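A short write-up of the structure that comes next.
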Amino acid sequence: MQVQLLPEYEEQTARAAPAAEPRRLVILGATGSIGRSTADVIEGAPGGFSVEAVAGGRDGASLARMAIRLGARFAAVSDPAAYADLKAGLSGHAIEAAAGDEAVEAAALHESDLLVAAISGAAGVGPTHAALAAGRKVALANKECLVCAGDLFMRTAAEAGTSILPMDSEHNAIFQALGASSADDVEEMILTASGGPFRTWDAKAIAAATPEQALAHPNWSMGPKVTIDSATLMNKGLELIEAHHIFGIPAANLGVLVHPQSIVHGLVSFADGAVVAGLACPDMKVPIAHCLGYPARVPTSARRLDLAAIASLSFEKPDFDRFPALGVAMAALEQGGSMPTVLNAANEIAVEAFLARRIGFMDIARIVEACCAAQARESNGRAPQSVAEALAVDRVSRERARRMVE
Ligand code: MG
């Protein structure tokens, strides 16, 4: 099997030269959960990084505080209505403020050594793609980029001679587990899932689950969208699609294991029977630091793993009956083309509707599956060839999902 490796993969074994200059960063999604953890890592490595630009969604006041905290030169908020708060928050500081989608793209295109792509949802696709096309190296925390337009993103990175570092914890663990091994020797890549808050619940209880119950993730503290995706296991389905693109590995060689302790994040099985796993306490600072410093290591305050205290790690197969979203996502990955784009868009709408108490928990997978079925009937299913095409498929699928919610 051919596994595409990240272009600078070979460098991993080389020792990084001591950084003479701070590494220049741009952070898209600076006020979200990943953005805040990224700020913690940066503050823990004084002199290691300089933040050139930050971008956020609609909270101008929070973005202003983050820009000041990180000493950014430029702050862009995508919602023009949030510009006044951003400007007011930056008063007295020499930080340029801007608003709108173009402003977020301008932030993405700021000169940098690494761009952290952590805008949640399809909103991150355009600016992240623009940065890649301009040859920026991207640490990718936004999985929607690869789910919506994975072929396009990988092609753009290759053409621009740049690379994508996986910041998602599972993919980052797999990237680290690959080590210096030959890609031809990989038999399987396995992503672990915590199983979410409903892992041990019966089907009837899951069907009656409330947003509060679904938002109570046992191990990870994350934004609401990804937390609901973890409860349905859709998150793992989206991550399989992400892994397929980032590592160039076929769906048949990708697997999922439910692992309630969230200590082992990803595993790679090799042709000789050896399995290498990536372990850490569940803290996003670990994969973030790996990407920010790569190939060097950046010290973090993440809790250290004490295996004797944890005592036992357990693993089980995912249950596709109680968690049908995983099967729906795997089918979309098998079908390929535009199907993952449709899946992602329909899922965003269904999750929003669930959080707004307009549909039940099990309706999320039902609506996504129905949108995928409609797409299979009505479209040629071609993979999006541009960001505009991906966003057009995304829009149609959202509209369809909205009608289904009603
Ligand atoms: Mg993950």
Side-chain angles (χ1 to χ4, degrees), residues 29 32-38 41 116-122 124 128 138-148 150 153 164-178 189-199 214-215 217-247 249 254-268 277-292 300 302 305 315 318 323 325-326 329-330 332-333 340 343-344 347-348 351:
S33 166
I34 297 286
R36 293 194 304 272
S37 292
T38 301
V41 172
V116 176
I119 294 178
S120 146
T128 306
V138 169
L140 193 67
N142 167 307
K143 60 196 73 174
E144 286 83 358
C145 287
L146 292 180
V147 175
C148 277
F153 268 74
I164 299 175
L165 295 175
M167 202 175 245
D168 206 348
S169 58
E170 296 80 357
H171 307 74
N172 187 267
I174 285 173
F175 181 46
Q176 297 200 40
L178 275 170
M189 290 180 180
I190 297 167
L191 285 73
T192 63
S194 69
F198 308 144
R199 183 178 63 87
L215 284 170
H217 195 280
N219 303 335
W220 291 99
S221 150
M222 308 176 286
K225 162 70 168 49
V226 61
T227 304
I228 300 300
D229 286 345
S230 295
T232 59
L233 292 199
M234 178 62 87
N235 184 51
K236 218 44 56 178
L238 298 176
E239 288 180 350
L240 288 173
I241 298 168
E242 189 184 4
H244 160 72
H245 288 293
I246 209 156
F247 299 115
I249 198 163
L254 287 168
V256 172
L257 263 181
V258 173
H259 166 49
Q261 297 84 16
S262 295
I263 296 298
V264 177
H265 303 293
L267 309 95
V268 182
L279 288 73
C281 288
D283 184 332
M284 284 307 295
K285 286 200 288 291
V286 177
I288 289 169
H290 183 252
C291 290
L292 293 194
T300 74
L305 186 56
F315 300 90
F323 301 99
L326 179 58
M330 287 170 87
L333 168 58
L343 172 96
N344 179 64
N347 181 57
E348 282 195 25
V351 168

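Note that this is a predicted model, so its numbers are computed, not measured. Numbering of ligands and ligand atoms starts at 1, following listing order.
- In this structure, the side chains of Thr192 and Ile263 stay at 4.5 Å or more apart for every pair of heavy atoms.
- Taking the side chain as every heavy atom from C-beta outward, Glu239 and Asn235 approach each other to under 4.5 Å.
- When the N, O or S atoms of Asp168 are ranked by distance to the Mg ion (ligand 1), OD1 comes first.
- The minimum heavy-atom distance between Ala280 and Val286, with the atom names listed, is CB-CG1, 4.0 Å.
- Inter-residue side-chain proximity for Glu348 and Glu144 is flagged as met; some heavy-atom pair is nearer than 4.5 Å.
- The closest approach of Glu170 to the Mg ion (ligand 1), by N/O/S atoms, is made by OE1.
- Looking at Glu239 and the Mg ion (ligand 1) together, the shortest N, O or S contact belongs to OE2.
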